[in-house]
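Have a look at the structure below before the remarks.
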2 protein chains.
Amino acid sequence: MALADLQHVVRNEEGISSVIEILGQRFGNRFQTGEAVRAQHAHTTTYIPAQLPDGVVFATSTEDVQSVVLVCAEHRVPVIAFGTGTSLEGHVNAPGGGISIDLSGMNRIVAVNAEDLDCTVEPGVTREDLNAYLRDTGLFFPIDPGANASLGGMAATRASGTNAVRYGTMRENVLSLTAVMADGRVIRTGQRAKKSSAGYDLTRLLVGSEGTLGIITELTLKLYGIPQAISGGVCPFPSVEAACEAVITTIQMGIPVARIELVNALGMKALNGYAKLGYPDTPCLFVEFHGSEEGVKEQAEMFGEIVAEFGGGPFMWAAAAEERTKLWKARHEAYWAMMTLRPGARALATDVCVPISRLAECIRETEEDIARSGLVAPIVGHVGDGNFHVQVMTDPSSAEEIAAMEAFVSRLNMRAIAMDGTCTGEHGVGQGKTEFLAHEMGAGVDFMRMIKQALDPLNIMNPGKTLPPAA
Amino acid sequence: MALADLQHVVRNEEGISSVIEILGQRFGNRFQTGEAVRAQHAHTTTYIPAQLPDGVVFATSTEDVQSVVLVCAEHRVPVIAFGTGTSLEGHVNAPGGGISIDLSGMNRIVAVNAEDLDCTVEPGVTREDLNAYLRDTGLFFPIDPGANASLGGMAATRASGTNAVRYGTMRENVLSLTAVMADGRVIRTGQRAKKSSAGYDLTRLLVGSEGTLGIITELTLKLYGIPQAISGGVCPFPSVEAACEAVITTIQMGIPVARIELVNALGMKALNGYAKLGYPDTPCLFVEFHGSEEGVKEQAEMFGEIVAEFGGGPFMWAAAAEERTKLWKARHEAYWAMMTLRPGARALATDVCVPISRLAECIRETEEDIARSGLVAPIVGHVGDGNFHVQVMTDPSSAEEIAAMEAFVSRLNMRAIAMDGTCTGEHGVGQGKTEFLAHEMGAGVDFMRMIKQALDPLNIMNPGKTLPPAA
C-alpha cells in the first residue's frame, strides 16, 4: 500500500506549533518531540509507511488525557492514542501530524472483583501483565491477539485471537469503559452489572472505534475461572480443505473447543524452522480444550473422531503445560516466524472472516490465487471463527510485487465480502482498509460518518482512520 | 407513574392529518385509524397509561416501512414500531401521536443457515415461532424473555430472560440487522461473519435503541445446538439470602448453569396457586442444566453440594420433559400469576441488575423496603445475572399507594445504581426510566443525545422514549 493511497489529512501547522509549546510547558519531560521517540510512536509493523506525530505525551492519568484533548481541541490538532504499537493497520500513524498520547504508563490494575468475575484496569495494562497479576486468583482474561498488546488498544480495535472461538472478542468481554471524548468530557459508558438495557450501547460504540470517537482511559473487563483441566496438541491433515472440514464439523457439533487454529503447509515450514517444533510441514490444526477433567476428555474424544473422518492425524498431544506453552508461543510468534521465509521483505497481514460454511472454499480459492500471483504468502487462522490471515511478504523496492500484492489483497477482501464475510475479523480498519469498509458496509458507512461528525465535529480524534473519505 | 411525569411530545396536528390521508390512499385497509386498533397498539401492560397513535400501518415488507418513514419524515410525524406490544416500559406509546408500524405481518423466516449456526428472520417472527420452525434442525434460539415477544422487539429493547446467564442477551446474539433509518435509507449493519472489526458497531447501536434510531426490518441471529441432555428442577431455601448466596457460589465456581431463577416466598405463593405447582411457599431457585449426559450430571452434582452448604433443599427434580415444560411455563407466567395476589390492581415491574457480589444485599434491603412501604410486591429474578424484578401492584385509584410505589421504585433504582448496577437489566428505558438513565449514565446521556440528534434530526423515531429531556 503506497503512502499516496492513504487518506490525506491536512496539517494545521499553526495549531501544532501552539500545542507543542503548551504541552511542553505543561508536561515537562513527559512531553517528547525528538525524532526517535516520535518514530517509535508511528506505525512500523507492516507495509504501511510510518507517519510521525509531532510530539508524544506520556500520560499517567485520565486527567492527563483530558488535558491533552482539550488543548488539541482548542487548536484543532489531531490526537492519536498509543498503547503498544502492535496494531497492523496503521492505527497509530499521524497522517496530519498531531499529538500521540502514549498510555503505556497508565498501567495500574484498579480493581479485581473476583466475586463478580470482573476487573478494572487502565488502558496501558497488557494482556500478559493482567494475567500475571491474576495468577493467584484462579481467574484469567482469555482474549489473546498474539502480540502482548495493551488492553486499551485491544478494545479500541475490537481485537480477539486464538481464544475467541470460545470466549468471544473484546466486543463481548468489555463490561464498561471510561473515555475522554473529543470535547474533553469524561464518560463512563456503563456500570458493572453483567447485563443492561440502559440506553444506547456506548460501550460497544467505543469498542472498535479505533480512537476516532474517544480515548479509553479505563476498562472493566470480564474474567473467567482458569479451567480445571486443559489439553491440546497439533494434528496434521492431508490438505487445508480437510482441516477446514474438520473445523466446520467441530463447530457445528457444538464442541466447546477453546482454540482451533490452522497453519497451512508453508506456515508450518516457517514455524518448524523458527521454533524448532518438529511437526510435519503439512497443514495442521492447533487445538486446545478447556473444562473439567471429564469434559476435556469427552471433547478430545469427539474431536478425535472428527479428525479421523477427514483423514487427519496422528494427533500429537501436548500433555505437559510446558509443551503447550511452547506450542502456543510458537503460534503467537507466527508473524515473526513467517518473516524468516523472506528476510528483508515487508509484510502485509490480511484478516478476512467468513461464515464458517464458506471457509474451506474461501481458503482454497485464496491458496490458488496466491499460487497464480507468485506471492510468498503463508496462511494462519482462527478458523473456528472463520477468520484467517494471509501474510504477504514483498520486496518493498519492487513496484511489480507491490502491485501484485495489492491486487491480491483486493481480490481476497472482495471474495470474503461476497461470501457474506468481512474484510477484517480482528485487526480493524485503520488506514489500510477504509476502501473495503465502504464496499462491505454500503450506506452504513454514511451513518458511521454521521456519528463521527456528531461526536468529533472538529475531526481531531485519530483523523484519517476507520472511515473512508466521503464520496 | 402518572401521565404528567412522562416526557411531553408536541403533537403536529397538520402533519398528522396529511400523513393519515397519504397512508390511507397508499395502504388501503392495511392502514387503520379505528380506536380499537389504535388502542391495541398503545401501551397497556403496566401502570404506564396508554397513549394512542393516530393510525396503524400493517407492514409486510422493508419497503412498506421505508415508505411510511419517508412520509412521516416529510411531514415531521412520529413513527413507532410495534411487534407484539409486550414491552413493559411504554415503548409503543405515542405521546405525540403519530403512526404505529405493526410489524407482526413481517413474520417470514428468511433463511436458516444450519451450517453456520445462524438464521435470518423478519422482525415480526416471535421467539416461539422461530423455535417451532427450527425444531427439526436440532437447533434453537435461546433468548427467552418470558412473553412470546417478537424478535424485532426483543432486539430493540436488548431483551434477555431466563437463559441469559448461559447464552447472553440480544446484545450477544444478534449478528446483523437490516434497518430503516430516520431519513428512509435502508442499511444492513453487518455481514454474517461471526466476528468483525469493520468500523463502528452499528448492530449493537441499534440493539437496545428502542426504535429511536431506526426500525429493524430483518435480523440475523445466532443459533445453538439443542443440548444433548437437559435436567433441572426446583430447590427451596430457608431465606432469600441463602438462595442468593447459593447462586453467587454457583456462578463463581463457573458452573455453566443454563437457567437459575429466584422466586421469593410471596412469588411462590402466587405461582403455586396459579399453576398448581405444589412447591413450598418459601424462596425457591428454579434451575436448568444443559450439556452432554455426563456434563449435566456433573453440573447437577456440584450444584447439589452448593445448595446443601447454604441450607437449601430438598431439590425436586423435574426429570420428564413435560414436567420441565410445566415448571418453566409457570415461571414465564409469573407476571400473570402474581397479578392474582391483588385482583383489579395495576402492576409495575422493576428491573434492576447489580454485580452478583451485591445481589443478596440488594434483595435483602429491597424486601425490607417493601415491608416498610406496605406494598404488595413479590420478587422474581434472573439472579445468575444479578437481575431481579419486583412486581408492585397498586390500586390505580389510590394516590397514596401510587406515591408509595413511586418512592419505592425510585429508592430501588438508586440503590442498584449506587451498587454499580443498572436501573434496567432487560426491560429497557422506554418512558418509565428516562430519569434514572440520567442518574446512571451521567454525561454519557449527552453523548446518546448527540447520536440521536445526528441520526434523527427531526426527532420522528419513537420520540419521548429512552433519552431524558435535555436539562
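Chain identifiers are assigned alphabetically (A, B, ...) following the order of the sequence lines, protein sequences preceding nucleic acid strands; residue numbering begins at 1 within each chain.
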Specify the closest pair of heavy atoms between [X] and [Y], including all atoms of both residues, with the distance to one decimal.
X      : Y      : value
B:G421 : A:A193 : CA-CB, 4.1 Å
A:R188 : B:M441 : O-CE, 3.8 Å
A:E115 : B:Q252 : O-NE2, 2.8 Å

Which residue out of [options] racks up the most heavy-atom pairs below 4.5 Å with chain A?
options                        : value
B:E294, B:E298, B:M170, B:E172 : B:E298
B:D118, B:D183, B:I248         : B:D183
B:G444, B:G442, B:P355         : B:P355
B:K452, B:Q228, B:M253, B:M419 : B:K452
B:G199, B:A179, B:A164         : B:G199
B:A454, B:G428, B:A198         : B:A198

Options [options], ranked by heavy-atom pairs under 4.5 Å with chain B, top entry:
options                        : value
A:L455, A:T169, A:T434         : A:L455
A:T466, A:L205, A:D351, A:L202 : A:L202
A:G254, A:G225, A:S292, A:C423 : A:S292
A:L213, A:T189, A:L359         : A:L213
A:D201, A:L437, A:I451         : A:D201
A:A443, A:P256, A:G168, A:C353 : A:C353

Got a salt bridge between B:D116 and A:R358, using NZ or NE/NH1/NH2 to carboxylate O under 4.0 Å? no

Less than 4.0 angstrom from a charged side-chain N to a carboxylate O is my criterion; do B:D385 and A:K194 meet it? yes

Less than 4.5 Å to any heavy atom of chain A: does that hold for the side chain of [X], its backbone, both, or neither?
X      : result
B:E440 : both
B:V445 : neither
B:H427 : backbone
B:L139 : neither

Atom group of [X] that falls short of 4.5 Å from chain B, counting heavy atoms:
X      : value
A:L467 : side chain
A:I251 : both
A:K465 : neither
A:V352 : neither

From A:I356 atom CD1 to B:N113 atom CG, the distance as rounded to the nearest 0.5 Å: 13.0 Å

Could you give all pairs that pass the ring pair (Phe, Tyr, Trp, His ring centres under 6.0 Å) test and reach residues 171-203 of chain B, with sequence neighbours left out? none

Start with the C-alpha distance between A:S160 and B:K195, add both sets of side-chain angles, then the distance that settles side chain to side chain donor-acceptor pair (under 3.5 Å), and finish with yes or no. CA-CA 9 Å; A:S160 48; B:K195 65 181 195 181; 2.9 Å; yes

Is any side-chain heavy atom of B:V354 closer than 4.5 Å to a side-chain heavy atom of A:Q191? no

Could you check whether any side-chain N or O of A:S197 sits under 3.5 Å from a backbone N or O of B:R158, counting only pairs where one atom can act as donor and the other as acceptor? yes

